Visitor: 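Provided herewith is a single structure, encoded as structure tokens, for subsequent inquiry.
Note that this is a predicted model, so its numbers are computed, not measured. All chains are named by letter (A, B, ...) in the order of the sequence lines, taking the proteins before the strands, and each is independently numbered beginning at 1.
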Amino acid sequence: MMSGQIPEYLQGLNPEQLEAVCHEGNRLLILAGAGTGKTRVITTKIAYLVREKHVLPESILAVTFTNKAANEMRERAMGIEPACERAIIRTFHSFGAWFMRRNAQAFDLKREFTIYDDDDSAELVHSIFPTFSKRDCGDYAFLIAKAKDYGLPPDAPNLGFVSQHPEFRRIYAAYEERLRATGNVDFGDLILMPARLLEKDEAIRSRTQQRFRVILVDEYQDSNVAQFRLLQQLASPEAMLCVVGDDDQSIYRFRGAEVRNILSFQTVFPETKLIKLERNYRSHQKILDLAHSIVSHNASRLGKKLLATRLGGTKPRLAILDDQDQEIEYCAYIARQHLQHGGHWRDIAILYRTNAQSLGFERLFPHYDIPYRIVGALRFYEREEVKDMLAFLAFLANPRDEVSFKRIVNKPTRGIGTSSIEKIVAAALQDDSDLLKASEKVIQGAHGKGKEGLRQFLSLIEGARSSLGKGLNDEGNPGMLGALIADFAKNSGLIDFYRGKDKISGTQKEENIEELVNAASDSPLSEDGLLEFLDTVMLDQSQQRNDTNADAVTLITMHNTKGLEFPAVIVTGLEQGLFPRNEEEGDDIEEQRRLFYVAVTRAKEELYLTACRWRRLHGRLFETFPSRFLTEIDTELYELWGASRQVPHTGYTQGALGPQHYRPETKPEWVPGMTVYHDEYGNGTVIKVTPSQSAGPLVIVKFETGKVAQFFPKYTKKLERVEH
DNA sequence: GATCGTTCTATTTTT
DNA sequence: TAGAACGATC
């Protein structure tokens, strides 16, 4: 700093945060636990570098994983130092797209490429292999995406790491070839292609490295192998590379995230300075202790322990309930109580592992008069009609885009059958031309209804292309993209088509189109405007405008809660087989444990955990056992909520759906000192028996191996009394 | 090319 | 249980 005077924006940082902001070494790993103010650190650091160190904002690159996080980062940095507007603050993928558009030639791409999402990829696989089922196509697309996440091209020797399938390499290679023919890229390409280009093209590499003197990465624990390779290429030894993350919150392994990126950061860059942020500003200590008790069972972690700055707080509470309906009723009861104590509905979040678990809440909450909102259910850009419009735009931008062409060419039906479409696609591939030219060609030989339909479609596209080229609306003024979409919806007959569907099925397709038109109403009617709009839309498929302000209970998957916080959190469905699933072991178990950790660290004041003895799954009723994660938690850290007394009723009585046939068996008694045998742990001695009201006694056993574990004998069959 | 009945299958999802 | 996907049928 220039003088002894500490600038205002640095005041209020704790010593570790301040150190993280001011540290000047080239490799910095900030291990930031949940709720430790990591966004504040990263944004303050950007502003600090610009303001105090006179780093050019343009030479700062900050990458995150979600658009929401990127936007927040930019706004907060600008709040401190307006010049930060010029910094490149983007998601990884949006940075990739930015980089690829600027260097399109080096990638052998036309400027007008658009981005295929996962569905489009699956469609492309289906195009190449029409005999494959939709499902298989989706699976292959997933594997291809995963291969790219791991940085593996089709000819990679170790492609077997992703799939052992003998045909996978061939399928992947065919996909790549066809994708290149369309001139488009997929999500994986946005990372892997820049990484590979920088690896092999020294001129571009050094030019890029000279530009970016500072590289910051948020949520680093979620980065994948390809992203790591990209970072390695972007960051010259002289550049400052600062990664911020929490190894305990890595929960996207199934999507290619590689915890080892953060675990081994110090090994890869030995000069790394490590700063841990462990002061938590969100939750009180009792919640943090429970969270720590969970995650400390993981072997693969750098290790850190959160310390609360907030005082007081009540112990988390565990409730063992009979079945889902009772679990829902319990949640309703908790929510109501919260309100009676002056809280709001919006303070409460109900967390679950699978989306399907929201169904019960949706069914019963109206009866309990509990307002709710579901986060992450159906996404705006996944809707049929929205995808149709986007396909139209994408095809307008890039007439080689086979997937988009197929989606709209015969919708609504214009009599263009599969065989005509195949002919057109084949002709385009044959002549290495685009689908418009190929259509013109095929139209010669066509006749009847199909010919007329194709002519209609072509004139529709021609009209749109010409107004895009002119950039003017009907009055001769500069036009907007929104109007183009609206015109297309009308002229193509799609709007009538949707209107009909809306009438029959009560959907809101027409409204959704209007919403999309609105979203595009600020985009200029030009090639650039079009590409920019498509990028924004394709790269931000987050659940649109769910009114966060509404006073309603939040229903949400544990995954979706990352980065959020709530005064009261209920983590439901803590049963073996559901969370974790039975087949999960090793690294998977550790990831699930981290997910549990993420879930409980969302709570600011109240934390509730629930498990059911019976769970309906795929229409069948199963007897379940408490999650192994529950038995791992030190019993001192939570209170057991007794449920042998009835869950207080909230007015609504349900039908006799419950499992009436279930009668708790009377198990033999358990007393301290008793010798027991456990399926996995062997012989042991009961050291303590705690009665509970609903779950039967809780038995704590010290095994000969030294391991201490606790059980509800009522729920486990693995623990047996040894007869004397 | 729409509609109906049968069959299958069943996490999580930043981009 | 419930939704999607596929094949058969009109």
Side-chain angles (χ1 to χ4, degrees), chain A residues 63-70 90-97 115-121 126 131-139 142 145-146 148-149 185-192 218-224 226-227 249-257 324 351-357 359-360 363 375-377 379 381-382 410-418 449-450 453 497 500-501 504 535-543 556-564 573 577-584 588 591-592 594-596 598-599 615-621 657:
Chain A
V63 284
T64 65
F65 285 87
T66 66
N67 286 282
K68 199 175 146 209
R90 287 173 173 260
T91 65
F92 258 112
H93 289 85
S94 131
F95 169 74
I115 299 160
Y116 276 164
D117 66 16
D118 296 344
D119 286 341
D120 298 329
S121 295
H126 191 64
T131 55
F132 291 2
S133 70
K134 272 268 161 61
R135 233 210 98 98
D136 286 349
C137 292
D139 288 350
F142 175 79
K146 197 157 182 184
K148 292 186 179 185
D149 284 348
V185 300
D186 61 22
F187 280 137
D189 287 336
L190 293 174
I191 309 297
L192 188 54
D218 195 11
E219 303 282 9
Y220 183 64
Q221 75 282 351
D222 288 332
S223 61
N224 61 37
Q227 283 158 340
Q249 292 189 68
S250 174
I251 55 173
Y252 285 105
R253 196 171 103 93
F254 68 97
R255 266 309 229 146
Q324 284 165 100
L351 279 52
Y352 36 76
R353 177 65 232 279
T354 66
N355 282 307
Q357 286 165 262
L359 248 60
R363 196 184 69 238
V375 175
R379 302 198 242 181
Y381 291 111
E382 263 169 25
N410 194 36
K411 191 171 183 181
T413 49
R414 301 185 179 87
I416 308 167
T418 344
K449 210 169 148 197
F497 176 78
K501 282 202 168 185
I504 298 165
D535 271 3
T536 315
V537 162
M538 295 312 289
L539 295 176
D540 186 5
Q541 308 208 350
S542 57
Q543 31 273 343
I556 189 168
T557 61
M558 296 188 214
H559 280 90
N560 265 326
T561 61
K562 206 175 67 163
L564 304 179
L578 184 62
F579 184 54
R581 303 180 61 178
N582 287 326
E583 60 272 27
E584 283 163 337
D588 286 332
E591 171 132 327
Q592 296 306 306
R594 291 193 289 266
L595 183 58
F596 191 19
V598 168
R615 165 107 16 212
R616 217 191 321 273
L617 252 156
H618 315 319
R620 284 223 141 276
L621 200 56
L657 286 163

Visitor: Expressed in angstrom and rounded to an integer, what is the separation of A:Arg594 atom CZ from B:dT12 atom P?
Guide: 18 Å
Visitor: Name the closest nucleotide to the A:His559 side chain, picking from B:dT14, B:dG1, B:dT12.
Guide: B:dT12
Visitor: Taking the side chain as every heavy atom from C-beta outward, state whether A:Leu578 and A:Gln357 have any pair of such atoms under 4.5 Å apart.
Guide: yes
Visitor: Name the nucleic acid region contacted by A:Asp535, choosing base, sugar-phosphate or nothing; use a 4.0 angstrom heavy-atom cut-off, strictly under.
Guide: nothing
Visitor: Is there a donor in the side chain of A:Gln592 and an acceptor in the side chain of A:Arg353, or the other way round, less than 3.5 Å apart?
Guide: yes
Visitor: When the distance from NZ of A:Lys501 to C1' of B:dT3 is rounded to whole Å, what number comes out?
Guide: 12 Å
Visitor: If we require ring centres under 5.5 Å and near-parallel planes under 30°, does A:Phe65 stack on B:dT15?
Guide: no
Visitor: Nearest to the side chain of A:Leu539 - C:dC6, B:dT12, B:dT15?
Guide: B:dT15
Visitor: As a test of reading the structure: which of B:dT13, C:dC6, B:dT11 is closest to the side chain of A:Thr354, going by heavy atoms?
Guide: B:dT11
Visitor: Distance check needed: B:dT9 P versus A:Leu617 CG, whole Å only.
Guide: 17 Å
Visitor: Nearest whole Å is fine: how far is B:dT13 C1' from A:Glu591 CD?
Guide: 12 Å
Visitor: Taking salt bridge (Lys or Arg N to Asp or Glu O under 4.0 Å) as the test, write out the residues that go with A:Lys449, two or more places apart.
Guide: none
Visitor: So do the side chains of A:Phe95 and A:Leu190 get within less than 4.5 Å of each other, counting heavy atoms only?
Guide: no
Visitor: Please state the P separation for the pair C:dA5 and B:dT12 - nearest whole angstrom.
Guide: 15 Å
Visitor: Can you see if the side chain of A:Asn355 gets near the phosphate of B:dT12 - specifically, an N or O under 4.0 Å from OP1 or OP2?
Guide: yes
Visitor: Between B:dT14 and A:Asn224, is there an OP1 or OP2 to side-chain N/O distance shorter than 4.0 Å?
Guide: no
Visitor: In terms of the angle between their ring planes, are A:Tyr252 and A:His559 parallel, tilted or perpendicular, with boundaries placed at 30° and 60°?
Guide: tilted
Visitor: Under 4.0 Å from OP1 or OP2 of C:dA5: is there any side-chain N or O of A:Ser133 that close?
Guide: no
Visitor: When you check the phosphate oxygens OP1 and OP2 of B:dA10, does a side-chain N or O of A:Arg135 lie under 4.0 Å from one of them?
Guide: yes
Visitor: The side chain of A:Gln592 lies closest to which of these nucleotides: B:dT14, B:dA2, B:dT12?
Guide: B:dT12
Visitor: Let me know the distance between CZ of A:Arg253 and C1' of B:dT11, rounded to the nearest Å.
Guide: 14 Å
Visitor: Within this structure, what is the CD-to-P distance between A:Glu219 and B:dT13, rounded to whole angstrom?
Guide: 16 Å
Visitor: Using the closest heavy atom to pick a nucleotide of DNA chain B for each, name whichever of A:Ala257 or A:Gly415 lands nearer the 5' end.
Guide: A:Gly415
Visitor: Report the distance from atom CG of A:Asn582 to atom P of B:dT11, rounded to the nearest whole Å.
Guide: 14 Å
Visitor: Provide, to the nearest angstrom, the distance between the CD atom belonging to A:Gln249 and the P atom belonging to B:dT14.
Guide: 17 Å
Visitor: Would you say A:Asn67 reaches B:dT15's phosphate, i.e. side-chain N/O to OP1/OP2 under 4.0 Å?
Guide: yes
Visitor: If you compare every side-chain N and O of A:Asn560 against the phosphate oxygens of B:dT13 (OP1, OP2), does one of them come in below 4.0 Å?
Guide: yes
Visitor: Pair A:Phe142, A:Ser121 - check side chain to side chain contact (heavy atoms under 4.5 Å, CB included), show working.
Guide: CA-CA 9 Å; A:Phe142 175 79; A:Ser121 295; over 6 Å; no
Visitor: Looking across every strand, which nucleic acid part, if any, lies under 4.0 Å from A:Glu584 by heavy atom: base, sugar-phosphate, or nothing?
Guide: base
